[in-house]
Amino acid sequence: MKIASWNVNSLNVRLPHLTQWLRDFGPDVVGLQETKLEDHKFPDDVLAGLGYRSVFAGQKTYNGVALLARDRAIAEVQAGIPGFDDEQKRVIAATVDGVRIVNLYVVNGQDVGTEKYAYKLRWLEAVRGWLAEELRAHPRLVVLGDFNIAPDDRDVHDPAVWNDGHILTSSDERAALQRLYALGLHDGYRLHHADAGVFSWWDYRQAAFRRNLGLRIDLTLVSDALRGATAAAGIDRTPRTWERASDHAPAWVQVGD
DNA sequence: ATGGTGGGGATCCCA
């Protein structure tokens with residue numbers, strides 16, 4: 001099963017890219033972030049025409065997440081973090097073919113020390129508590145999404161700029177990510193690749209994509225129980241080359257066949 | 001330190 005994560009930065013704008021990419025890449029499961037669509041506007045009919053069922057939790061203008069699955073049922077759908085009151089639509093989870101999939105749009109955090117940064121750390125702690133429960137109930141777990149955290153220096157183009165005091169790379173954010181790993185979750189990409197300089201997000205400004213000035217912040221984590229079945233992982237840069245692209249590229253992991 | 005670009009929707013917020 002090929003399982004992917006893609007921050008589309010407006011599904012309204014990116015629907016042609018998504019449909020093209022579904023045809024080209026043929027993922028079995030996809031988690032989308034930043035759909036920026038209210039649920040009644042979600043294009044589930046278009047996606048059904050391509051063989052994908054979808055579930056979604058959206059809102060106008062900001063955030064919004066969805067899970068798609070091709071030729072498979074989507075069961076036990078959970079939107080939001082249980083017990084964590086939050087108006088922002090950043091989480092959707094479901095079970096597909098015996099694998100629990102948790103799709104996260106992690107808070108960006110703006111700048112270290114801001115109110116949004118504090119919210120990011122609170123939010124990640126709530127996610128950690130919930131994932132501990134999810135792992136007990138569903139040992140075969142994949143946690144994917146836009147984490148808005150670059151795990152280590154290999155995942156940034158310039159570690160001097162993206163340092164322990166900078167948003168997306170600060171020591172508190174990285175420590176929060178390590179606490180997720182400590183639950184028994186593994187960066188799928190790093191199970192197969194040790195290289196530096198492979199990124200999933202490039203700023204729209206300063207021709208960052210052309211110059212490969214990016215970060216790897218879109219992650220696919222696999223649980224202990226799935227680690228041995230993780231056959232491959234990667235990032236598909238192709239959609240980032242298309243006209244009017246999302247600033248993110250899809251990250252994927254293959255579990256089993 | 002600043003401001004660069006893009007999406008959404010309202011003339012500014014968020015990334």
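Keep in mind the model is a prediction, meaning the values are calculated, not measured.
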Selection from B:dG9, B:dG3, B:dG6 that lies nearest to any side-chain heavy atom of A:Thr61: B:dG9
Pairwise C1' distance, B:dT11 and B:dG7 [rounded to whole Å]: 15 Å
A:His248 NE2 to B:dT5 P, straight-line distance once rounded to whole Å: 18 Å
Rounded P spacing from B:dC14 to B:dG9 in Å: 14 Å
Watson-Crick or G-U counterpart of B:dC13, or none if no pair lies under 3.5 Å: B:dG7
Sugar-phosphate only, base, or nothing, as touched by A:Arg90 at under 4.0 Å among non-hydrogen atoms: sugar-phosphate
Phosphate contact (B:dC14 OP1 or OP2) by A:Lys116 side-chain N/O below 4.0 Å: yes
A:Gln88 side, atom CD; A:Tyr105 side, atom OH - distance, nearest 0.5 Å: 8.5 Å
Shortest side-chain distance from A:Tyr62, nucleotide among B:dG9, B:dT5, B:dC13: B:dC13
Whole-Å distance separating the CD atom of A:Glu38 from the P atom of B:dG8: 13 Å
Closest non-hydrogen atom pair, A:Asn7 against A:Asn9: OD1-N, 3.0 Å
Value in whole Å for how far the C1' atom of B:dG7 lies from OH of A:Tyr105: 11 Å
A:Asp247/A:Trp202 under side-chain hydrogen bond (donor to acceptor under 3.5 Å, both in side chains): CA gap, chis, key distance, verdict: CA-CA 6 Å; A:Asp247 45 351; A:Trp202 302 260; over 6 Å; no
OP1 or OP2 of B:dA15 under 4.0 Å from side-chain N/O of A:Arg205: no
Rounded distance in Å between the C1' positions of B:dG4 and B:dA15: 13 Å
Centroid-centroid distance, A:Trp6 to A:Trp21, less than 6.0 Å: yes
